[in-house]
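Hydrogens, waters and symmetry mates play no part in the numbers below; they use all other heavy atoms, side chains included.
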Amino acid sequence: MPQPNITTAGPPTSAYDTNFCFPVRELESERVKLTPFIPDLHADLYFQGSAAHPDLYEFIPWETFTNTSDFVRQVIDSRVQPDTGVVLYAVIDKTRSSTSPCSSANFAGIIGYMNTSPANLSTEIGYAIILPLFQRTHVTTNAIGLLLQYALDLPPHGLGLRRVQWMANRLNTRSIDAVQKLGFKLEAVLRWDRIFVGSKASATNGVKERAGDPRPGTVGTDTALLALCWDDWESERARVLELMDRRS
C-alpha cells in the first residue's frame with residue numbers, strides 16, 4: 001500500500017508567513033493534498049464553496065460570512081495568523097480533475113492544527129470544515145490522517161508530538177464517530193464548555209440558563225474531548241493508513 005508522502009512546502013507557500021510554532025509542510029497522500037492556506041489563493045474558494053451552506057456552522061460558533069473579506073477578517077486575521085499555535089490548511093481533492101492546482105473543482109475545504117504546544121508536545125486538530133460536495137468521501141479520512149501522521153510520527157518525517165486532541169459539540173455525532181474510527185478515544189464531556197450567541201437549537205445542551213445569568217439568551221453547549229496519543233498511534237498507524245487508502 002502506498003504510504004502518504006509528506007513533502008516540504010515550496011513556492012508560493014514559502015512566501016507566506018504562516019506564523020506557526022513548528023515547520024509547516026505540504027502533506028500529501030495518493031488522493032488528498034493539504035497545502036498551507038494562503039488567503040490570496042484560497043479565501044475566495046472557501047467563501048464561494050461555503051456561502052450557500054450555513055449548516056456547515058451548525059455546531060460551531062460561526063455564522064455565514066458576508067463575503068470573502070469578512071471571512072479573512074474574522075478567521076484568518078483575528079484567529080489564525082496572530083496565534084503561533086494555529087496553522088490552517090487548504091484541502092485539495094487530487095481525484096477531481098482541474099485545470100489548475102487549486103480551483104473550485106478540487107478545493108474541498110479547510111482543516112488545521114490549533115492549541116499547539118511545543119513545550120507539552122501536543123496539538124489539536126480543528127477548523128475542520130469539508131464542503132458538502134466532498135463529504136462522505138475519502139477526503140475527511142485522508143485529511144485527518146495526514147495531520148495525524150505529521151504530528152505523531154517521529155522526526156525527521158514528523159514532529160514527534162505526544163498527543164493530538166479533537167473537540168466537538170457533544171451532539172455532533174458525525175464528527176465524533178469519524179475520529180473514533182481513526183483511533184481517537186473519548187476522554188471527557190466538558191459540560192457548559194462553550195457559549196453560542198444566537199439560537200442554534202441543534203447545538204445546545206438543552207438547559208436554560210439560570211435567572212440573572214450575565215449573558216442571557218445565549219446557548220450553552222457541552223463539548224466532547226477526544227485524543228489520540230503517541231502510544232495509541234503505534235498500534236493504530238497501519239490501520240489509519242489502510243483507511244486512507246480504502247476505495248469503498
Trainee: Look at the aromatic rings of Y150 and Y113 and report parallel, tilted or perpendicular, splitting at 30° and 60°.
Mentor: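 Tilted, since the angle between the ring planes falls between 30° and 60°.
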Trainee: Before accepting this row, confirm whether a basic side-chain N of the pair D193/R170 lies closer than 4.0 Å to the acidic partner's carboxylate O.
Mentor: no
Trainee: Taking the basic N atoms (NZ, or NE/NH1/NH2) and the acidic carboxylate oxygens, is any pair closer than 4.0 Å for E187 and R163?
Mentor: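 The answer is yes: the pair qualifies as a salt bridge.
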Trainee: side-chain contact (heavy atoms from CB on, under 4.5 Å) for F184 and V164? Distances and angles first, verdict last.
Mentor: CA-CA 9 Å; F184 281 79; V164 178; 4.2 Å; yes
Trainee: If we check side-chain contact (heavy atoms from CB on, under 4.5 Å) with V91, which of these qualifies: I129, L131, L34, N142?
Mentor: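 Filter result, single survivor: L34.
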Trainee: How long is the gap from CD1 on I76 to CD1 on I38, to the nearest 0.5 Å?
Mentor: 11.0 Å
Trainee: State, with a plain yes or no, whether a side-chain heavy atom of C102 is found less than 4.5 Å away from one of H42.
Mentor: yes
Trainee: Do Y16 and L41 make a side-chain contact, defined as non-hydrogen atoms from C-beta onward lying under 4.5 Å apart?
Mentor: no
Trainee: Looking at E58 and A203, would you say the former's side chain and the latter's main chain have a donor-acceptor pair under 3.5 Å?
Mentor: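 No, E58 side chain to A203 backbone: no donor-acceptor pair under 3.5 Å.
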Trainee: Salt bridge between E236 and R239, side-chain N to carboxylate O under 4.0 Å?
Mentor: yes
Trainee: Is there a side-chain contact (heavy atoms from CB on, under 4.5 Å) between Y89 and V24 once you walk through the steps?
Mentor: CA-CA 10 Å; Y89 284 91; V24 177; 3.9 Å; yes
Trainee: Do NZ/NE/NH1/NH2 and the carboxylate oxygens of D245 and R247 come within less than 4.0 Å?
Mentor: yes
Trainee: How close do F134 and A105 get, heavy atom to heavy atom, and via which atoms?
Mentor: CZ-O, 3.7 Å
Trainee: Are any non-hydrogen side-chain atoms of K94 and H138 less than 4.5 angstrom apart?
Mentor: no
Trainee: Closer than 3.5 angstrom, by distance alone: can the side chain of S78 be matched with the main-chain N or O of V75 as a donor-acceptor pair?
Mentor: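 No; judged by distance alone, with no hydrogens or angles, the pair does not exist.
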Trainee: Taking C-beta and beyond as the side chain, do K33 and E26 meet within less than 4.5 Å on heavy atoms?
Mentor: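 Yes, close enough: below the 4.5 Å cut-off.
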Trainee: If you round to the nearest 0.5 Å, how far is CG of L243 from NZ of K181?
Mentor: 9.5 Å
Trainee: At what distance, to the nearest 0.5 angstrom, does OG1 of T64 lie from CG of L56?
Mentor: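 It comes to 8.0 Å.
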Trainee: If you apply the rule side-chain contact (heavy atoms from CB on, under 4.5 Å), what do you find for D232 with C229, and how did you get there?
Mentor: CA-CA 5 Å; D232 305 315; C229 300; 3.6 Å; yes
Trainee: Roughly how far, to the nearest 0.5 Å, is CZ of F196 from OG1 of T221?
Mentor: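 Separation between the atoms: 4.5 Å.
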Trainee: Contact between L146 and M244 at the side-chain level, heavy atoms closer than 4.5 Å - yes or no?
Mentor: yes
Trainee: Can you tell which of D93, N106, I92 makes a side-chain contact (heavy atoms from CB on, under 4.5 Å) with S98?
Mentor: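 Exactly one option meets the side-chain contact (heavy atoms from CB on, under 4.5 Å) with S98, and it is N106.
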Trainee: Do the rings of W62 and Y127 sit parallel, tilted or perpendicular, given the 30° and 60° boundaries?
Mentor: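 Aromatic pair W62/Y127 classed tilted.
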Trainee: Sort out for me which residue in V179, L186, L182 forms a side-chain contact (heavy atoms from CB on, under 4.5 Å) with W166.
Mentor: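 Passing option: V179.
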Trainee: Under 4.5 Å between side-chain heavy atoms, hopping through other hydrophobics if needed: is there a path connecting L152 to L241?
Mentor: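 Same cluster.
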Trainee: Report, as yes or no, whether the 6.0 Å neighbourhood of atom CZ on R96 holds more than 12 heavy atoms from other residues, nucleotides or ligands.
Mentor: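 It does: R96 CZ has more than 12 such atoms within range.
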Trainee: Does the distance from a Lys or Arg side-chain N to an Asp or Glu carboxylate O, for D70 and R73, drop under 4.0 Å?
Mentor: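 Salt bridge present between D70 and R73.
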Trainee: Within the 4.5 Å heavy-atom criterion, are Q149 and V240 side-chain neighbours or not?
Mentor: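 With C-beta onward as the side chain, the pair stays apart.
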Trainee: Could you check whether any side-chain heavy atom of R246 comes within less than 4.5 Å of a side-chain heavy atom of T141, counting everything from C-beta outward?
Mentor: no
Trainee: Quick one, I195 and P61 - any side-chain contact, counting heavy atoms below 4.5 Å?
Mentor: no
Trainee: Could you measure the distance from the OG atom of S175 to the CD atom of Q180? Nearest 0.5 Å is fine.
Mentor: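 Rounded to the nearest 0.5 Å, the OG-CD separation comes out at 9.5 Å.
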Trainee: Passes side-chain contact (heavy atoms from CB on, under 4.5 Å), V80 versus F37? Steps please.
Mentor: CA-CA 10 Å; V80 175; F37 190 97; over 6 Å; no
Trainee: Roughly how far, to the nearest 0.5 Å, is the CG atom of L133 from the CZ atom of F107?
Mentor: 12.5 Å
